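Note that the numbering runs from 1 along the sequence shown for the chain. Just so you know, these numbers come straight off a predicted model, no measurement behind them.
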Amino acid sequence: MAVTVENRVTSGTFSLDGGTWDVDNNVWIVGNDEECVIIDSPHDAAAIVEQVRGRKVLAILMTHAHNDHIGAAREVAAAVGAPIHLHPEDMVLWKQVYPDVQPDKFLSDGEEFTVGGATLKAIHTPGHSPGSTCFYLESEGTLFTGDTLFNGGPGATGRSFSDYPTILASIRKRLLTLPADTVVRTGHGDNTTIGAERETLSQLAQ
């Protein structure tokens with residue numbers, strides 16, 4: 001059976017630099033009838049676990065460590081018995097949420113995760129946060145971008161630990177080189193494609 005991609009939207013808040021905002025987050029579940037991986041665990045652990053539907057969870061992959069992407073991670077991990085993976089450069093943000101515990105494993109650029117016979121490849125894309133990481137599912141022509149690339153352009157860089165030139169470089173060098181018809185599945189909001197975002201980025205200053 002081919003690997004499938006499922007979406008579950010959860011609602012909660014994002015807090016950083018003294019501000020708090022209401023947000024809706026995309027949770028992505030990639031797998032087949034027997035096993036899966038979860039990409040991000042923002043809010044509402046029960047809803048995420050429900051979406052798993054009893055499958056074996058091989059890993060919980062974090063695109064970055066803002067609280068609205070990791071807030072339910074430990075509860076989900078305990079419920080499904082899966083390790084949490086995070087890029088080490090985002091530990092400064094992780095510790096704001098979980099000061100006394102580490103992720104189970106640290107992600108590295110190019111690391112691969114096999115699920116349902118398909119392979120997810122980690123692509124380190126700093127800018128929105130130091131350790132922001134995208135996951136490329138080449139067999140399905142799909143890229144999970146967290147808050148690095150949205151429908152309409154780059155993710156936000158106006159808060160601590162983010163940098164606009166860095167996110168632009170990450171997107172141009174690491175993501176826009178993928179096939180134009182690659183579906184971009186984001187951390188918030190609607191899907192887009194690499195081709196559409198090449199057009200968006202071409203209108204920004206080089």
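Every residue was checked against the side chain to side chain donor-acceptor pair (under 3.5 Å) condition with Thr10, not counting sequence neighbours, and none meets it. By the side chain to side chain donor-acceptor pair (under 3.5 Å) test, Asp163 is found to be paired with Thr166, residues two or more places apart in sequence or in another chain being considered. Applying the side chain to side chain donor-acceptor pair (under 3.5 Å) rule to Ser129 yields the partners Asp90, Ser132; only residues at least two apart in sequence or on another chain are considered. Under the rule for a side-chain contact (heavy atoms from CB on, under 4.5 Å), the partners of Glu140 that lie at least two apart in sequence or sit in another chain are Val3, Leu137, Thr142.
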Applying side-chain hydrogen bond (donor to acceptor under 3.5 Å, both in side chains) to His188 and Asp147, what does each step give before you reach the verdict? CA-CA 7 Å; His188 308 269; Asp147 290 2; 3.3 Å; yes
For a quick test of your reading: what N or O donor-acceptor pairs under 3.5 Å do the side chains of residues 152-161 make, sequence neighbours left out?
unit_1, atom_1, unit_2, atom_2, d
Ser160, OG, Asp17, OD1, 2.6
Ser160, OG, Asp17, OD2, 3.3

Residues 76-89 side chain polar contacts: donor-acceptor under 3.5 Å, at least two apart:
unit_1, atom_1, unit_2, atom_2, d
His87, ND1, Glu89, N, 3.1

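Rounded to the nearest 0.5 Å, atoms OG (Ser162) and NE2 (His64) are 10.5 Å apart.
One hydrophobic cluster holds both Val49 and Ile29 under the rule that ILVMFWY side chains link at heavy-atom gaps under 4.5 Å.
Applying the ring-ring contact (aromatic ring centres under 6.0 Å, His included) rule to pairs touching residues 24-43 yields Trp28-Phe144, sequence neighbours excluded. Within the structure, the side-chain hydrogen bond (donor to acceptor under 3.5 Å, both in side chains) test picks out no pair touching residues 92-101 (sequence neighbours left out). Evaluation of the salt bridge (Lys or Arg N to Asp or Glu O under 4.0 Å) test over residues 52-75, restricted to residues two or more places apart or in two chains, returns Glu6-Arg53, Glu6-Arg55. The side-chain hydrogen bond (donor to acceptor under 3.5 Å, both in side chains) analysis of residues 189-200, with sequence neighbours excluded, yields the pairs Thr192-Glu197, Glu197-Thr200. Pairs of residues two or more places apart, or lying in two chains, never qualify as salt bridge (Lys or Arg N to Asp or Glu O under 4.0 Å) while including a residue from residues 34-47. Sequence neighbours left out, not one pair with a member in residues 112-121 passes side-chain hydrogen bond (donor to acceptor under 3.5 Å, both in side chains).
Contact check for Leu175 versus Thr125: side-chain heavy atoms found under the 4.5 Å cut-off. With contacts defined as side-chain heavy-atom distances shorter than 4.5 Å, the pair Ser11/Val23 does not qualify.
If you check the side chains of Thr186 and Thr145, you find no donor sitting under 3.5 Å from an acceptor. Using modelled atom types and a 3.5 Å distance limit, the side chains of Thr20 and Ser15 yield a donor-acceptor pair.
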